[in-house]
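Taking it in order: structure first as structure tokens, then the write-up.
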2 protein chains.
Amino acid sequence: MNALFNCISQYHPISLGAWKALSRALTQVEVSKNSFLIQEGMVCNHLYFLERGCLRGYYMLDGKEITYWFGFENNFVTSFYSFISRKPGVENIQVLEDSTLWRISFEALNQLFDHHNDLERLVRIINEQYYIRLEERLMGLQFKTARERYEQLIETSPHILQRISLGQIASYLGISQETLSRIRSQV
Amino acid sequence: MNALFNCISQYHPISLGAWKALSRALTQVEVSKNSFLIQEGMVCNHLYFLERGCLRGYYMLDGKEITYWFGFENNFVTSFYSFISRKPGVENIQVLEDSTLWRISFEALNQLFDHHNDLERLVRIINEQYYIRLEERLMGLQFKTARERYEQLIETSPHILQRISLGQIASYLGISQETLSRIRSQV
DNA sequence: CTCCGTTTTTGACATAAGTCAAAAGAAAGG
DNA sequence: CCTTTCTTTTGACTTATGTCAAAAACGGAG
């Protein structure tokens, strides 16, 4: 649970009381490679923190898997739309490496908000940071060529290249895997 | 200010005290067509609410204006990255029609958070809803053809077509204006 | 109503990227 | 260690989309 505490502290410090309450509400989850944390059609009832391992989020479009997200150590994870709106989502979250997570339910989190102001602030701040990242990602997709997207990925997230297969990276970048393979072979 | 109150209420009801305090912190701003609300290189110090009018957000890439956002009545507006991180941003927000806005400064907003829990909750909830929209937008860009993007825009935001020029819509969709013109001429 | 500037359309052409298919390479399982 | 399966690469070809340039249409100002 140390990893989570450290991660939180980088966003916004919380009181000891809030941390204790949060700890009590958390459950550890171990999941193994190729299993699913979340599947489409479900209402996602939990917010997760990924302590160890690696995940992939994707949805189906015309019979193809479209990867929209990768999760690594110290990332928060959920099917955001479903978790927030309490409706079934289209997202699947697949476990790419055996992973350790901590999770809290929607109800428990909202109860904590009522009693611990600083926790709600923490979540507000984390949401804002995640929003900024998503905005940057959008800008990276809107008008860049396949090569530019790949080069940007190398710069901003080189660790992805080590741990994710080429086909999944291509999907994440919005290009075909053949194209990515060719880009890679030409430096 | 009624429009703002109504808009807020749809997300999360707030106490009368919170609303009074918020009202006092708001300033009305009138801006005229073709002026700029925010320009790149500035730190954006305000969060705006657009009561009447229409705005466009864009940034420069290789000497071209890339439109990433349109704002209409009842939208919240800011250069999000800059407002949150307190650093200069790359975004420009241009006024497309004479507009009326209300604004609150970063400092004032954060002071309100300290005294009015429900205001911070409101903002957290609004942020979450905006996050979901951005996610949907990202999915719409990642793997769709020019025609699919345009058809999706007609479905989800037909009002944009009435008020925005073709060139700017094309940019928003991540395609050239010639391509959009041709798509439109073939139904 | 006419003129001027802006926006949209059209045409011709170039090119990035997708698709399909097969071969090569790497990883996993018995 | 060999076999099977999955992933990556390569080739040939197609297609969607971008680019440049010019014409047409539109809209505001006087």
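Letters A, B, ... mirror the listed sequences (proteins, then strands); counts begin at 1.
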Where along residues 154-173 of chain A does a heavy atom come under 4.0 Å from DNA chain D, residue by residue in number order? Ser165(A), Leu166(A), Gly167(A)
Rounded to the nearest Å, what distance is computed from the CD atom of residue Glu178(A) to the P atom of nucleotide dG25(C)? 18 Å
In whole Å, I'd like the distance from the CD1 atom of Ile175(B) to the P atom of dT8(C). 13 Å
Can you tell which of dA28(C), dA17(C), dG18(C) lies closest to the side chain of Ala146(A)? dA17(C)
Any ion pair linking Asp62(A) and Lys144(B) (charged N to carboxylate O, less than 4.0 Å)? no
When you look at CD of Glu155(A), are more than 12 heavy atoms from neighbouring residues, nucleotides or ligands closer to it than 6.0 Å? no
For the pair made of CZ in Arg182(A) and P in dC20(C), what is the distance, rounded to whole Å? 14 Å
Footprint ends on DNA chain D, 5' to 3', for atoms under 4.0 angstrom from a heavy atom of chain A, come out as dT8(D) to dA12(D)
Protein-nucleotide distance (Gln177(A), atom CD; dA24(C), atom C1'), rounded to Å: 14 Å
In terms of hydrophobic clusters joined by side-chain contacts under 4.5 Å, are Ile125(B) and Ile84(B) together? yes
Classify Lys144(B) by what it touches in the nucleic acid, base, sugar-phosphate, or nothing, heavy-atom distance under 4.0 Å. nothing
For Phe143(B) and Ser171(A) the tightest heavy-atom approach is CE1-O, 3.2 Å
Any donor-acceptor pair under 3.5 Å linking the side chain of Thr78(B) with the backbone of His46(B)? yes
Closest of dT9(C), dT19(C), dA17(C) to the Thr145(A) side chain is dA17(C)
Would Glu107(A) and Arg86(A) pass as an ion pair if we require N to O under 4.0 Å? yes
What integer distance in Å separates Glu148(A):CD from dT15(C):P? 16 Å
Salt bridge flag under 4.0 Å for residues Glu128(B) and Arg124(B): yes
Cluster check Tyr81(B), Val43(B): I/L/V/M/F/W/Y, side chain < 4.5 angstrom: no
